[in-house]
J.: 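One structure is given below, represented as structure tokens, and several questions about it will come after.
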Amino acid sequence: MDHSLPSGQPVRALLDRIEEYYDAVPRSVARGEDFGPLTLFVREGRGWPFYGRPALGWRGAAVTAADVLRVRARQRELGLPESFEWVAETTPGLRPAAEEAGLVVHEHPLMVLDGTAPVTGLPTAAGDGVSVRMVGADDPALATAVAVPFVAFGEPGTAVGSAGPKEVAAAERTLTADGTVGQIASRIRAGLTALAMAAQDGTPLCAGQHQPVGAVSELVGIGTLPAARRRGLGLAVTAALVADARSRGIGTVFLSAGDEAVARVYARAGFRRIGTALIAEPAA
């Protein structure tokens, strides 16, 4: 891994900035419980559960399997998934501790868009009557745009699949009923989330979000309907999200790619790998 980006930004400084971001993001809707070298974030109210992760600025003893097991016990007590998320290069000792505690660790390329680099290979439209735009909290298309990535992640990867509008309609009903759509609308109003979508003839085919905190934002949940893949829609949505982030004065835009194939797509768009994001969870 290079020690700096072409702009001269040191990778170590970027990793430190991202570590601070990861600690800050959950705190708008969750409380942090202290477990020494680890922090367990517990969501206040309904919504997607959070995880355990390294305690920001910890200077005590190195994390051990016993620390991981203590957090897992608390997660079970609260009815939460026994999951942990961290960056390999920032907290290298957590992986062996998690594995000793019985968890399986998954790797995801951690990539950043160089702040001074041109956004390359990101189309602003994908042809065939496709439009790409930001989606507001009161936009009639919000619920459908929220549902599209949920359907997309049901068929992971980049291959063309079968899921399409029928599956989106079912997901939209579920996500509206369980409050997910309302929560995202509230986050958009609060400036905590921005959402973009690519639609053809008014029908959303791809959507994604970025979540700004200060001068840093992460691109998350970018998914294209399996039936609409291989058309550049994910990159078009990425372009819209990057443009929105930069319009807000955000200098560091990053993401965790689902796998190496997805990482290669983002690399063609100018994102550079600076590390590895790790997720640990019990074996399936």
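Just so you know, these numbers use all the heavy atoms, side chains as well, and skip hydrogens, waters and symmetry mates. All of these numbers come straight from a predicted model, not from anything done at the bench.
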J.: Can you give me the closest heavy-atom contact between R187 and S28, atom names plus distance?
T.: NH1-OG, 3.7 Å
J.: Side chain to side chain contact (heavy atoms under 4.5 Å, CB included) between E85 and E281: does it pass, once the steps are laid out?
T.: CA-CA 9 Å; E85 298 187 10; E281 57 190 4; over 6 Å; no
J.: Honestly curious: do V148 and V135 fall in one hydrophobic cluster under the side-chain, below-4.5 Å linking rule?
T.: no
J.: So does R70 pair up with E33, basic N to acidic O under 4.0 Å?
T.: no
J.: Any side-chain heavy atom of R74 within less than 4.5 Å of one from V71?
T.: no
J.: For E99, is the CD atom crowded, meaning more than 12 foreign heavy atoms sit under 6.0 Å from it?
T.: yes
J.: Rounded to the nearest 0.5 Å, what separation is found between the CD1 atom of I18 and the CG atom of D23?
T.: 14.0 Å
J.: Please lay out, stage by stage, how V132 and M197 fare under the test side chain to side chain contact (heavy atoms under 4.5 Å, CB included).
T.: CA-CA 6 Å; V132 184; M197 74 171 186; over 6 Å; no
J.: CG/L103 to CG/L278 distance, rounded to the nearest 0.5 angstrom?
T.: 12.0 Å
J.: Going by the ring-ring contact (aromatic ring centres under 6.0 Å, His included) test, which pairs reach into residues 35-86, not counting sequence neighbours?
T.: none
J.: Grouping I, L, V, M, F, W and Y whenever their side-chain heavy atoms are under 4.5 Å apart, do V220 and L142 come out in a common cluster?
T.: no
J.: Can you see which heavy atom on V168 is nearest to which on A147, and at what distance?
T.: O-CB, 3.8 Å
J.: Run the salt bridge (Lys or Arg N to Asp or Glu O under 4.0 Å) check on R95 and E100 step by step: do they pass?
T.: CA-CA 9 Å; R95 180 168 192 158; E100 184 180 342; over 6 Å; no
J.: Closest approach of P49 and L80, non-hydrogen atoms and distance?
T.: CB-CD2, 4.2 Å
J.: Hey, what do you get for CG (L69) to CD (Q75), rounding to the nearest 0.5 Å?
T.: 11.0 Å
J.: R17 and T252: side-chain donor and acceptor closer than 3.5 Å?
T.: yes
J.: Test side chain to side chain contact (heavy atoms under 4.5 Å, CB included) on L219 and V242; report intermediate values, then the result.
T.: CA-CA 8 Å; L219 306 188; V242 169; 4.3 Å; yes
J.: Return all side-chain donor-acceptor pairs below 3.5 angstrom for residues 202-211, not counting sequence neighbours, or 'none' if the list is empty.
T.:
residue: H210; atom: ND1; partner: S217; partner atom: OG; Å: 2.7
residue: H210; atom: NE2; partner: D244; partner atom: OD2; Å: 2.7

J.: Take R53 and E19, measure what side chain to side chain contact (heavy atoms under 4.5 Å, CB included) needs, and give me the verdict at the end.
T.: CA-CA 10 Å; R53 70 173 330 279; E19 190 72 6; 3.2 Å; yes
J.: How close do L195 and L241 get, counting heavy atoms only, and between which atoms?
T.: C-CD2, 4.3 Å
J.: Starting from I184, can I reach V29 by hopping between I/L/V/M/F/W/Y residues whose side chains sit under 4.5 Å apart?
T.: no
J.: Under the ring pair (Phe, Tyr, Trp, His ring centres under 6.0 Å) test, which residues partner Y22, sequence neighbours left out?
T.: F254
J.: Are V63 and V105 linked, directly or through other ILVMFWY residues, by side chains that come within less than 4.5 angstrom of each other?
T.: yes
J.: Just by modelled atom types, is the D67 backbone N or O under 3.5 Å from a matching donor or acceptor in the T64 side chain?
T.: yes
J.: With rounding to the nearest 0.5 Å, note down the distance linking OG1 in T91 to CG in L56.
T.: 9.5 Å
J.: Within the structure provided, determine whether E260 and R273 are in side-chain contact (heavy-atom separation under 4.5 Å).
T.: yes
J.: Does V130 belong to the same Ile/Leu/Val/Met/Phe/Trp/Tyr cluster as V151, with side-chain heavy atoms less than 4.5 Å apart forming each link?
T.: yes
J.: Would you give the length of the straight line joining atom CG of L175 to atom CD of Q183, rounded to the nearest 0.5 angstrom?
T.: 10.0 Å
J.: Can you tell me how far the NE2 atom of H108 sits from the CG atom of D259, to the nearest 0.5 Å?
T.: 8.5 Å
J.: Between R268 and A263 (side chain of the first, backbone of the second, donor and acceptor by atom type, cut-off under 3.5 Å), is there such a pair?
T.: no
J.: For V253, is there any backbone N or O sitting under 3.5 Å from a side-chain donor or acceptor partner on E218?
T.: no
J.: Give the minimum heavy-atom separation between A24 and V213, together with the two atoms involved.
T.: CB-CG1, 4.0 Å
J.: Taking I250's backbone N and O only, do any of them form a donor-acceptor pair with R248's side chain (distance below 3.5 Å, no angle check)?
T.: no
J.: Does any donor atom in the side chain of E172 or T144 lie under 3.5 Å from an acceptor atom in the other side chain?
T.: yes
J.: Do the non-hydrogen side-chain atoms of V146 and V181 ever get within less than 4.5 Å of each other?
T.: yes
J.: Go through the structure and list residues passing salt bridge (Lys or Arg N to Asp or Glu O under 4.0 Å) with R264, not counting sequence neighbours.
T.: none
J.: Output yes when a side-chain donor or acceptor of R272 lies under 3.5 Å from a complementary backbone atom of V112, and no otherwise.
T.: no
J.: Holding to salt bridge (Lys or Arg N to Asp or Glu O under 4.0 Å), I want the full list of residues that pass it with D138, two or more places apart in sequence or in another chain.
T.: R189
J.: Applying salt bridge (Lys or Arg N to Asp or Glu O under 4.0 Å), name anything that partners E82, two or more places apart in sequence or on another chain.
T.: R72, R76
J.: Do you know the tightest heavy-atom contact between R133 and A141?
T.: NH2-CB, 3.9 Å
